[in-house]
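Order of the sequence lines sets the chain letters (A, B, ...), proteins ahead of strands, with each chain counted from 1. Hydrogens, waters and symmetry mates play no part in the numbers below; they use all other heavy atoms, side chains included. Nothing here was measured: the structure is a model prediction, and the numbers come from that model.
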Number of protein chains: 2
Amino acid sequence: MTRQEAAHTHRIPLNRDRVLRAAVALADATGIDALSMRRLAQELDVVPMALYKHVANKEELLDGMVDTVVGEIDPPATGPDWQRVVRGRILSARRVLLCHPWAARVIESRTGPTPAVLAYLDSMAGSFRDGGLSADLTHHVMHAMGSRLLGFSQELFDASGPSGPPDPGLAAHYPHIAELAATAAHDGSSTVGGGCDDQFEFEFALDLLLDGFEGLRRQGWTSARKA
Amino acid sequence: MTRQEAAHTHRIPLNRDRVLRAAVALADATGIDALSMRRLAQELDVVPMALYKHVANKEELLDGMVDTVVGEIDPPATGPDWQRVVRGRILSARRVLLCHPWAARVIESRTGPTPAVLAYLDSMAGSFRDGGLSADLTHHVMHAMGSRLLGFSQELFDASGPSGPPDPGLAAHYPHIAELAATAAHDGSSTVGGGCDDQFEFEFALDLLLDGFEGLRRQGWTSARKA
DNA sequence: CTTGACCAGTGTACGCCGTACACCTATGCT
DNA sequence: AGCATAGGTGTACGGCGTACACTGGTCAAG
């Protein structure tokens with residue numbers, strides 16, 4: 001067990017997959033802003049340039065990270081009730097994205113779709129089609145769901161800061177927001193703290209949209225273009 | 001007209017507002033990634049550090065830019081039809097955000113709300129309340145609208161690249177997406193090219209949501225929490 | 001057994017970034 | 001006249017992504 005042998009044993013050859021996993025873990029642990037090629041290399045006990053044998057550049061690294069997390073989303077369930085199927089899948093996507101808070105922003109920042117995202121969207125479209133929606137309606141429905149399809153949209157921010165008591169200055173300047181904050185505060189939601197129940201909000205919007213889609217489907221909606 | 005006088009005349013004293021406007025213009029012209037303090041300073045014929053007399057740092061510059069563009073959104077119209085009012089305002093926001101394609105991402109990247117965004121959201125909540133929605137419903141409705149409230153969400157990407165003919169390889173791997181692309185291609189929408197009519201998609205989703213909200217309002221919806 | 005191609009990993013270097021800090025210099029108040 | 005202040009300057013530092021030339025180890029062909 002010379003030093004050389006030790007080096008051999010503890011150094012798994014560092015393939016692309018290991019790089020991506022380490023990058024995801026690092027982003028999870030320290031935030032996406034702290035993810036640099038240099039820090040990542042350090043984490044892998046390697047010199048920065050070594051990474052470039054496995055990813056072309058940082059953009060491709062980010063693409064790979066996106067594919068890695070999107071690959072964690074459950075495959076679609078099977079069943080006759082398309083709304084159930086879609087709902088379950090989207091909530092799975094949401095769960096995954098909530099585990100990797102950086103992922104939503106990174107996905108949005110990609111200039112083109114990555115394969116895993118494409119596959120996800122494709123199977124989602126398939127679920128709509130299997131549920132009896134026309135291709136036309138499915139198309140518009142996918143657009144309507146927007147980023148909600150991918151389970152994120154935690155919304156911009158909470159409007160109320162992390163602090164506890166309602167800011168009196170805020171109430172003076174933004175009365176309606178203050179009112180909403182008050183509403184959120186004193187209904188006994190699952191989040192004991194000041195905030196509102198994100199999960200409830202998410203499902204509220206999701207169900208509203210799904211109900212809307214079902215209504216359109218039942219009435220045989222088709223995109224009536226004005227010439 | 002010594003050189004000194006010339007310097008005096010052509011150098012308007014560079015206040016915060018001029019900095020923000022120049023930053024917005026530069027981001028519009030060259031993209032948000034090309035906006036650096038150094039490039040911005042150069043644009044203003046000034047040394048980089050001069051900017052720091054007017055903005056604390058780059059984050060605050062971005063905050064200011066957000067407030068600048070959000071300030072361009074039309075004030076809310078008045079009228080008895082709340083859906084009309086809200087719809088018009090949101091479409092105004094969308095118009096503004098489409099003029100500054102970088103703005104959506106920057107807004108999402110802010111850690112806290114900026115004053116202009118807060119004011120915008122507040123007056124939007126006011127429109128819902130004036131329309132007869134309860135504070136409770138308004139709260140959830142604001143969440144449901146999500147980023148659509150701010151008029152963006154051009155959606156992740158177009159799924160079909162900028163190229164013309166449908167990629168046969170894509171069709172093989174992602175049949176449903178290919179089907180949607182075909183649907184979008186041969187209905188004679190306003191965009192003659194391959195893409196779909198973003199404006200139509202946006203209004204489709206918007207109206208679906210607004211109709212859903214109106215239904216809830218009419219039936220006196222209230223958030224029925226399961227304890 | 002030698003040779004040479006081919007990797008994965010290294011080391012150095014460049015140009016860009018945000019910005020801390022010390023410095024000027026004109027302006028305007030006392 | 002004296003002086004504080006505000007706005008613009010110059011220099012410098014540490015971090016970033018990554019181009020490019022290299023090295024040592026593996027392995028097939030001669």
Side-chain angles (χ1 to χ4, degrees), chain A residues 1-24 26-27 29-66 102 105-106 109-111, chain B residues 1-24 26-27 29-66 102 105-106 109-111:
Chain A
M1 58 188 65
T2 65
R3 177 188 296 111
Q4 190 186 138
E5 275 180 51
H8 270 234
T9 43
H10 90 4
R11 191 182 275 291
I12 311 118
L14 183 63
N15 52 22
R16 180 181 163 98
D17 213 64
R18 255 176 33 89
V19 170
L20 294 183
R21 286 179 191 289
V24 168
L26 186 57
T30 68
I32 194 66
D33 290 339
L35 176 75
S36 69
M37 299 300 275
R38 292 167 129 103
R39 292 258 303 111
L40 177 56
Q42 190 175 319
E43 211 73 19
L44 289 162
D45 269 323
V46 126
V47 86
M49 286 311 293
L51 300 176
Y52 288 86
K53 302 288 178 179
H54 305 280
V55 298
N57 49 46
K58 190 173 185 182
E59 288 293 292
E60 203 198 89
L61 175 76
L62 292 172
D63 282 350
M65 292 169 69
V66 166
W102 48 269
R105 194 169 335 156
V106 173
S109 76
R110 300 301 79 201
T111 57
Chain B
M1 60 187 67
T2 66
R3 177 187 298 110
Q4 189 186 137
E5 275 179 53
H8 270 233
T9 43
H10 89 7
R11 191 185 277 290
I12 312 118
L14 182 63
N15 52 24
R16 178 182 165 97
D17 214 64
R18 258 181 25 95
V19 170
L20 294 182
R21 286 180 192 289
V24 168
L26 186 57
T30 68
I32 194 64
D33 291 340
L35 175 75
S36 69
M37 299 300 275
R38 294 168 128 102
R39 293 258 303 111
L40 177 56
Q42 190 175 320
E43 211 73 17
L44 288 162
D45 269 324
V46 125
V47 82
M49 286 310 294
L51 300 175
Y52 288 86
K53 300 287 177 177
H54 305 280
V55 298
N57 48 46
K58 191 173 184 182
E59 288 293 292
E60 204 197 89
L61 174 76
L62 292 171
D63 282 350
M65 292 169 68
V66 166
W102 48 270
R105 195 170 333 157
V106 173
S109 76
R110 298 301 79 201
T111 57

Determine all donor-acceptor pairs shorter than 3.5 Å in which one atom belongs to a side chain in residues 30-40 of chain A; sequence neighbours excluded.
{"unit_1": "A/Thr30", "atom_1": "OG1", "unit_2": "A/Leu26", "atom_2": "O", "d": "2.9"}
{"unit_1": "A/Ser36", "atom_1": "OG", "unit_2": "A/Arg39", "atom_2": "N", "d": "3.1"}

Might you list the N or O atoms of the protein lying below 3.5 Å from N or O atoms in nucleotides 19-22 of chain C, with each pair's distance?
{"unit_1": "C/dT19", "atom_1": "OP2", "unit_2": "B/Tyr52", "atom_2": "OH", "d": "2.8"}
{"unit_1": "C/dT19", "atom_1": "OP2", "unit_2": "B/Lys58", "atom_2": "N", "d": "2.9"}

Quiz item: If you pin A/Arg39 and B/Ala50 to their nearest nucleotides in DNA chain D, which one's is more 5'?
Solution: B/Ala50
Practice problem: Using atom CG of A/Leu14 as one end and atom P of C/dT10 as the other, report the distance to the nearest whole Å. | Solution: 9 Å
Self-check item: B/Ile32 CD1 to C/dG18 P, straight-line distance once rounded to whole Å
Solution: 11 Å
Self-check item: Beyond-backbone contact of B/Leu51 with B/Leu44, side-chain heavy atoms, under 4.5 angstrom
Solution: yes
Self-check item: Counterpart residues, salt bridge (charged side-chain N to carboxylate O under 4.0 Å, His left out), relative to A/Arg105 (two or more places apart)
Solution: none
Practice problem: Considering just the side-chain nitrogens and oxygens of B/His54, establish if one lies under 4.0 Å of OP1 or OP2 belonging to D/dG8. | Solution: yes
Self-check item: Taking every non-hydrogen atom, the tightest pair across A/Leu61 and A/Ala23
Solution: CD1-CB, 4.0 Å
Exercise. Using whole Å, report how far CG of A/Asp45 lies from P of C/dA8.
Key: 19 Å
Exercise. Provide, to the nearest angstrom, the distance between the CG atom belonging to B/Asp33 and the P atom belonging to D/dG17.
Key: 14 Å
Practice problem: Measure the spacing between NE2 of B/His54 and CD of B/Glu60 and express it to the nearest 0.5 Å. | Solution: 12.0 Å
Exercise. Measure the distance from CG on B/Leu51 to P on D/dG10 and round it to the nearest whole Å.
Key: 14 Å
Self-check item: Gap between atoms CG and C1', on B/Leu35 and C/dC17 respectively (whole Å)
Solution: 12 Å
Exercise. Specify the separation, in whole Å, of atom CZ of B/Arg18 and atom C1' of D/dG8.
Key: 13 Å
Exercise. Check the surroundings of atom CZ in B/Arg16: do more than 12 heavy atoms from other residues, nucleotides or ligands lie under 6.0 Å from it?
Key: yes
